[in-house]
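Below is one structure, written out as structure tokens; the observations come after it.
Just so you know, ligand 1 is whichever comes first in the structure, and atom 1 is the first atom listed for that ligand. Only this structure's heavy atoms are used, side chains among them; waters, hydrogens and symmetry mates stay out.
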Amino acid sequence: MPKKKKPKKPGKNWKKFWKLGMEEWNTQYFDITKDGELTIREGNYIYNLNDIVKKYGSPTEIVFPFILEERLEDLHDYFQAYMKIQGYRGKFFYHYPLKVNQNKEFVMPLISEGAHMEVGSVNELWIVKKLWEGEKFHSKIRVLCNGPKTEAYIKLIEELRLKDLSIMPIIEDEHELERLAKYKGEVGIRVNLDTKADTHWDKKVDRFGFSSKELLDLPKMKNLKLLHYHIGSQINNAKSVMQPIEEAMGLYVKLVKNHPNLDTLDVGGGFGVPYEKKPFYGAKKVSEQIVKLLKKMSDKARIRHPNLAVEWGRYIVAPAQVTIYSVIAEKPIPKANAKSWYVIDGSFMNDLLDTWAIHQKWHIVPVNNANATTLKSVWLAGSSCDSDDKYTSGGSYVLMPKLKEGEPQYLAIFDSGAYQDALASHHCLLSSPAKLIAQDGTIKVARKRETAEAIGRLFGWTNGDHK
Ligand SMILES: *Cc1c(COP(=O)(O)O)cnc(C)c1O
């Protein structure tokens, strides 16, 4: 949140004021033009977001595949470099958890950048099947299957294994253990750790995975390859990333004695994103700590260094999309931390559901007039008729330019690439935003803004109804 006092020198450092151009906050690609318009840079190409939204309308989401690619490339580089420096003999595998964003425009760039996959349901695995059958995958790609294993899910896993896909179901409970007892391929197993991380996942009782004791009591399993845990999402600090790894590695060291083919530790997802643009931990440092810890613990126990799998979804994809709305009305608020409501032409409840579900805070920047010298403290209201459809930045306020007569005001919500699409809904039958892809200097319309007819169809209103 920018400070309340007004910036002193207009036109001087708007980039800094709006917290752009900062690598540690993933805004290094963004800037403000002399005219106060928000831009993003891909290599030497610059997209002007104000021009784009004027041309394609709002609300709109813009996806930046180059950010996905860069983030994954960097992550590979960190781990591979530290493994090399420290003489680590295990391998690093990045598995993209499909649930974080299943849009094709997100998935394909990650695959091309070398991501393996993690799926959580039979329908997500169906996407993998399509890609596999279409020969869109490198044949060495690895797929991990989490989530409750329905019969249909297990059948599809079997089918793909027989088609030579490298696929591994991860066993989460007794029932799955029994059901998969005769499974011929390799399997993983999920532990429910005692460590609790500082995350949104604040549940005291967790229903996923076995206790450490249950795992240590398992009879020898020749096809057990991987030990997995997933501790939660948006972990708030580095310590909460490291502690579960230490606990899981302690368990791995014991398990490997009984299960001769166990060779991979999969630390799940959860790595956080600095949505609030406050000091935050980063992957460069933490990856070094992880490699060090795994090396130290395996050397001490005199075991082979395990392969390391990570499933950090949000971390990779959140910064690769912005959502843009236009302000359609202003309404004064008599007594509050903010002076006015700015009503937007989209919906927090529909398009950015975590605003409502987990009180997600967002980084919000004007798309035009970002060099305005006087700013207003506002709350944002969505276009649905629901009183919960709002954003107050946790009861504080958002700074925005004053509205100008006859001129639209657009605003961009950063880091909207993770989770929001699959959670999106149609309260009041509002249309979802259009989805644009900005790549190689061109804008492609991936999904148009929905028409009334398209939404009506979802609710059974087909063409013949008026007859
Ligand atoms: C949701 C999930 C992930 C991704 O979590 P992020 O917080 O997005 O990194 C990874 N693995 C499993 C098993 C999950 O359920």
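Counting heavy atoms closer than 4.0 Å to ligand 1, residue Glu311 contributes atoms from both its backbone and its side chain.
Checking Glu450 against Ser432 by side-chain atom types alone, a donor-acceptor pair falls below 3.5 Å. Remark: the Gln360 side chain and the Thr355 side chain contain no N/O donor-acceptor pair separated by less than 3.5 Å.
At least one N or O atom of Ser233, backbone or side chain, sits closer than 3.5 Å to an N or O atom of ligand 1. Here's the thing with Arg190: none of its N/O atoms is less than 3.5 angstrom from an N/O atom of ligand 1. Taking any N or O of Lys99, backbone or side chain, at least one lies under 3.5 Å from an N or O belonging to ligand 1. Considering backbone and side-chain atoms together, Pro97 places no N or O closer than 3.5 Å to any N or O of ligand 1. Checking only distances, Trp312 never comes within under 3.5 Å of ligand 1, N or O to N or O.
Trp379 CH2: more than 12 foreign heavy atoms inside a 6.0 Å radius.
Ligand 1 places these atoms under 4.0 Å from at least one heavy atom of Glu118: 12 (C), 13 (C). Near Gly313, meaning under 4.0 Å from any of its heavy atoms, are these atoms of ligand 1: 6 (P), 8 (O), 9 (O). Under a 4.0 Å criterion applied to the non-hydrogen atoms of Val100, ligand 1 contributes the atoms 8 (O). Taking every heavy atom of Asn146 and a limit of under 4.0 angstrom, the matching atoms of ligand 1 come to 13 (C). Which parts of ligand 1 touch Arg314 is read off a 4.0 Å heavy-atom cut-off, strictly below it: atoms 6 (P), 8 (O), 9 (O).
Look at His95 and you'll find every heavy atom at least 4.0 Å from all atoms of ligand 1. Proximity of Gly270 to ligand 1 is established by a heavy-atom distance of less than 4.0 Å.
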- Task: Test Arg190 against Asp173 for salt bridge (Lys or Arg N to Asp or Glu O under 4.0 Å), laying out the working first.
- Result: CA-CA 8 Å; Arg190 176 162 176 171; Asp173 60 27; over 6 Å; no
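How far CH2 of Trp132 is from CG of Leu125: 12.0 Å, rounded to the nearest 0.5 Å.
Annotation: cation-pi geometry not satisfied between Arg71 and Phe66 (NZ/CZ under 6.0 angstrom from ring centroid, within 45° of ring axis). The cationic group of Arg41 does not satisfy the cation-pi geometry with Phe30, failing either the under 6.0 Å distance to the six-membered ring centre or the 45° limit from the ring axis.
Sorted by first then second residue, the salt bridge (charged side-chain N to carboxylate O under 4.0 Å, His left out) pairs that include residues 80-104, not counting sequence neighbours, number zero.
Nearest-heavy-atom check against atom 5 (O) of ligand 1 across Tyr96, Tyr315, Tyr419 picks out Tyr419.
Between Phe271 and Tyr315, the ring planes are perpendicular. Angles over 60° get that label, and only those under 30° would be called parallel.
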